Amino acid sequence: MLLYTHPACLAHDPGPGHPESPARLEAVLHAVRAAFPQLAWREAPAASREALLRVHGKALVSSVLDIETDGLRRLDDDTAMSPGSAEAALRAAGAGIAAVDALMAGEARQAFCAVRPPGHHATAGTAMGFCLFNSVAVAAAHAVHAHGLHRVAIADFDVHHGNGSQDIFAGDPRVMYVSSHQAPLYPHTGLPSERGVGNLANATLAPGSGGEAFRAAWRDTLLPELEAFKPQLLLVSAGFDGHRLDPLADLALEPEDFRWISHELAALAGRHGQGRVVSMLEGGYSLSALRACSVAHLHGLRDAA
Ligand SMILES: [Zn+2]
């Protein structure tokens with residue numbers, strides 16, 4: 001397994017008291033380094049503009065990369081940029097691209113991109129929900145366009161619906177997007193009736209749901225969709241804000257639940273995609289939950305490899 005990260009991802013500062021803090025990534029990196037001392041760390045390259053423009057409009061790419069940010073620049077009520085944010089967003093997206101390239105070259109079967117800002121809320125044209133570029137979508141589009149894959153799946157277990165990932169691929173049968181998420185909750189999309197061109201599957205979880213409901217949603221609905229799709233490459237939007245301690249949501253998941261879904265996803269990738277899994281850090285706002293869940297996630301992936 002490879003780990004991609006970059007110090008620039010710690011320099012994105014959305015403002016004092018913001019839950020999407022650099023301390024989140026520090027917590028993940030420290031926990032993963034202690035639990036997996038043998039893991040191969042690689043520095044994430046910057047994504048090219050061409051790669052970003054496969055999924056984002058010119059205006060969004062330009063507003064993140066070309067406007068000098070002096071102090072704090074607000075993009076919406078909860079999304080802001082600091083002087084280090086553009087480089088962080090480039091490295092976060094670049095991590096996914098490099099991980100896809102490494103797996104397709106046979107250098108490893110699994111990669112975890114420990115990066116921020118998160119990405120799955122960013123739509124083709126709008127940065128939102130703490131997200132600037134949709135890194136997992138950039139990686140999926142790269143797999144399609146640079147490697148010629150025609151069945152790429154994104155599995156998203158972040159507690160929020162990845163409206164951006166769904167928006168970007170809703171009309172593209174080469175990419176499947178499946179998500180479990182709390183409802184009602186931001187961004188209030190992701191109803192089970194939203195099926196795209198048959199390439200979307202959404203499962204909603206009521207506030208207070210615990211591991212049993214979470215596992216049932218994946219076992220009964222989402223994993224069968226992925227199984228039928230037979231992804232050549234599986235991308236994971238790994239958000240840990242479904243943990244019971246998370247301050248932004250109300251699910252009651254435990255690290256063991258994240259280990260379970262990670263194992264199921266990696267086993268599915270083993271049946272259809274030569275075991276290729278690229279996981280990208282999304283949300284998770286309790287530092288202690290982030291530590292425990294990121295380690296559980298990598299255990300689950302590795303045990304199925
Ligand atoms: Zn989230």
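Because the structure is a prediction, the values reported are computed rather than measured. Counting convention: from 1, in listed order, for ligands and their atoms alike.
Because the distance cut-off is set at 2.8 Å, Asp158 qualifies as a neighbour of the Zn ion (ligand 1) through one of its N, O or S atoms. Because the distance cut-off is set at 2.8 Å, His120 fails to qualify as a neighbour of the Zn ion (ligand 1), as none of its N, O or S atoms comes that close.
Looking only at N/O/S atoms, His160 comes nearest to the Zn ion (ligand 1) through ND1. With respect to the Zn ion (ligand 1), Asp241 has OD2 as its nearest N, O or S atom.
Taking the six-membered ring where the residue is Trp, Phe157 and Phe240 present tilted rings, their angle falling between 30° and 60°. Using the six-membered ring where Trp is involved, His161 and His181 have ring planes that are tilted, between 30° and 60° apart. The aromatic rings of His299 and Phe36 are tilted relative to each other, their planes meeting at an angle between 30° and 60°.
When each of Asp167, Asn202, Val136, Val152 is checked for a side-chain contact (heavy atoms from CB on, under 4.5 Å) with Tyr177, only Asn202 meets the rule.
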